[in-house]
Amino acid sequence: MLSVEGLEAGYGGARVLFGVSLEVAAGQLVCVMGRNGVGKTTLLDTVMGVLPATGGSVTFDGRDVTRLKPHERVRLGMAYVPQGHDTFPQLSVLGNLQVTLEASPHRDPAALEAALDAFPKLKPLLKRRAGFLSGGQQQQLAIARALVTRPRLLILDEPTEGIQPSIILEIEEAIERLHASGLAVLLVEQYLDLALRLADRFLILDAGRVVRSGEAAELNAPEVHRLLAV
Amino acid sequence: MEAIVNQLPIGLSIGAVLLLIALGLTFTFGQMGVINMAHGEFIMAGAYTAYLLQGWAGGQAVLVALPVAFAVAGLMGLILERTAIRHFYGRPLDTLLLTWGVSLVLQQLARDLFGAPNVQVQAPGWLQGGIGIMPYNRMFILALAIGSVVAIWAYMNRSGQGRRMQAVMQNRRLAATSGIDTGRVDMRTFFIGSGLAGVAGVALTLIGPVGPALGTYYIVDAFLVVVAGGLGQLRGAVIAAAALGLLNSYAEFWSDASLAKVIVFGVIVAFLQFRPQGLFVVRSRALT
């Protein structure tokens, strides 16, 4: 479904990604791991088109999307939840969902209902301004907003970072349910145990290159622990 | 006492014109961060639109000109955004120089097209006269400003387009990755912001002559309104525009035009010492 070939990207003169390749098959959950600063967020930004690729290609559903703008990729069925539980702070929770729904190609109100069903705790908060929610609630809203577009691939950047433990569990369960329902997920995650529970496959980045990849079960290998140790 | 009362309609209508100009700037400067010095020339374009329509619509030119001037000034803004400003997002100083240059070119263009001397636009017959101290033409300007505020508020908060505009202003990157075509929203924002300058220009024809430098008299004050009101804040702009309009006209009445400017600038500098962020600030947890 998603196929990344030899992707290169960076900021100005500083190259961050050196030929990263990865595959996400339909319905698969692939976890990207690695220490801080190895290029995980850069990888997701480039896959989504927020950052231009300076080399390589991104193919989604057999279509080359390397040069498409982010909103065009959303229309094809990719959805991105960036790091830091971003919302539109001055819009209400409902407004955050509506604005995404109105920009999506199908504009089906049922998609909004379905997104709220995935995060029922948002239902009593619909009229609240998103900027006043707690970090965990904002993260739930961020994922719900991505779901409103009815994606076939969900890209999540550290959805549990800086979130209180009780809500981490809820978010983990929600991701698990979405994955179980057939949604393909590309996930950046720092917690090894969470990756172990959720992922089908994993890949580890180091200094902008894929240094290891495999089935989730192989994540427990000592060599993997060494690659992730700070 | 009588002087205070007599000066009130002048102050309020100047405030209303400033508000119309500042509303446009709230879009382009307050929300997109673009310092568009050519905004003043969109005012001038709106005023000349009314002047040109006079030959065809006669005494009703002002009414006909309102939507036409909105479209004319809006299109000028759209062209400027697409051809030039868009390449300079995030570089405020370059934008400032660029749009200043465009502003000078447009002024000279107006001089070539319409001549350097001021021209007059005939106000419609039903705007002659007034009630008590309040002339109809100044009441009309006030109503126009109030109507515009209400319309913009409704557009921003009740329509899908307005919601998308807010989303782009609040988090451009997130808007793009949420599926919003940010380039299109930018175009729309510029069209509306510039169009409002055209409407302000039509309003100005009711209270004075039209000349190539018309915009330059108001643009600085309008920027002050936006800064003093708080960037991108509708109600801040309303209060600041009314205050500035009144302060301007009273200061001018009790001293003279140049000293009045000194007083107004002095008051605003003092005000910004206490509230550098303006009257109203956006409050939220996720301010970045």
Side-chain angles (χ1 to χ4, degrees), chain A residues 44-45 47-51 68-92 94-107 111 128-135 137-139 141-142 144-151 155 157, chain B residues 26-27 30-33 82 86-87 89-91 152-189 229-237 277-278 280-288:
Chain A
L44 296 195
D45 275 355
V47 165
M48 203 56 202
V50 178
L51 206 65
L68 292 190
K69 291 191 175 135
H71 74 264
E72 293 167 323
R73 302 185 200 214
V74 172
R75 272 168 212 182
L76 292 175
M78 299 167 73
Y80 184 27
V81 181
Q83 197 172 19
H85 44 77
D86 281 4
T87 59
F88 303 116
Q90 299 298 308
L91 294 180
S92 67
L94 185 63
N96 266 268
L97 299 173
Q98 272 176 333
V99 79
T100 315
L101 180 70
E102 286 157 358
S104 77
H106 58 81
R107 293 179 171 222
R128 285 260 221 110
R129 277 198 189 186
F132 291 116
L133 300 182
S134 74
Q137 290 165 332
Q138 289 188 1
Q139 184 62 276
L141 173 59
R145 201 187 45 236
L147 293 177
V148 164
T149 62
R150 287 244 166 96
I155 302 174
D157 193 358
Chain B
T26 306
F27 278 81
Q31 304 201 341
M32 292 177 75
R82 277 295 98 178
R86 138 176 105 106
H87 305 292
Y89 280 135
R91 290 159 64 183
I152 286 167
W153 185 88
Y155 177 80
M156 292 300 282
N157 294 290
R158 290 284 176 270
S159 79
Q161 283 185 8
R163 223 183 336 256
R164 283 199 283 289
M165 212 176 266
Q166 286 194 56
V168 174
M169 305 319 162
Q170 288 167 29
N171 193 333
R172 172 172 292 271
R173 209 180 95 109
L174 188 66
T177 55
S178 299
I180 296 171
D181 186 345
T182 52
R184 233 167 108 173
V185 172
D186 288 344
M187 286 164 66
R188 214 177 270 139
T189 306
L231 289 184
Q233 294 293 300
L234 207 55
R235 57 190 169 147
Q277 68 281 60
F280 293 102
V281 213
V282 181
R283 262 174 315 168
S284 94
R285 277 191 191 200
L287 250 189
T288 42

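These numbers were taken from a predicted model, which means no experiment stands behind them. In what follows, every heavy atom counts, from backbone to side chain, and hydrogens, waters and symmetry copies are set aside. The chains referred to below are lettered A, B, ... by the order of the sequence lines, with proteins before strands, and numbering in each begins at 1.
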### Task
Can you measure from OG (B:Ser178) to CD (A:Glu102) and round to the nearest 0.5 angstrom?
12.5 Å

### Query
side chain to side chain contact (heavy atoms under 4.5 Å, CB included) with A:Leu44: which of A:Val50, A:Val81, A:Leu51, A:Ile155?
A:Ile155

#### Entry: Side-chain donor/acceptor of A:Arg145 to backbone N/O of A:Leu97, under 3.5 Å
no

## Note on the structure
Separation between CD (A:Gln139) and OG1 (A:Thr87), nearest 0.5 Å, reads 10.5 Å

#### Entry: Which atoms of A:Asp45 approach chain B - backbone, side chain, both or neither, heavy atom under 4.5 Å
side chain

### Message
Could you check whether B:Arg172 pairs with B:Asp186 (Lys NZ or Arg NE/NH1/NH2 to Asp/Glu carboxylate O, under 4.0 Å)?
### Response
yes

### Query
When rounded to the nearest 0.5 angstrom, what distance separates OG1 in B:Thr189 from CE in B:Met169?
3.5 Å

### Task
Tell me, for A:Val99 versus chain B, whether the close heavy atoms (under 4.5 Å) come from the side chain, the backbone, both or neither.
both

### Interface residues of residues 157-167 of chain B facing chain A - non-hydrogen atoms under 4.5 Å apart
B:Gly160, B:Arg163, B:Arg164, B:Gln166, B:Ala167

### Atom CZ of B:Arg82 with >12 non-hydrogen neighbours under 6.0 angstrom
yes

### Query
Side chain, backbone, both or neither: which part of A:Ser104 has an atom under 4.5 Å from a heavy atom of chain B?
neither

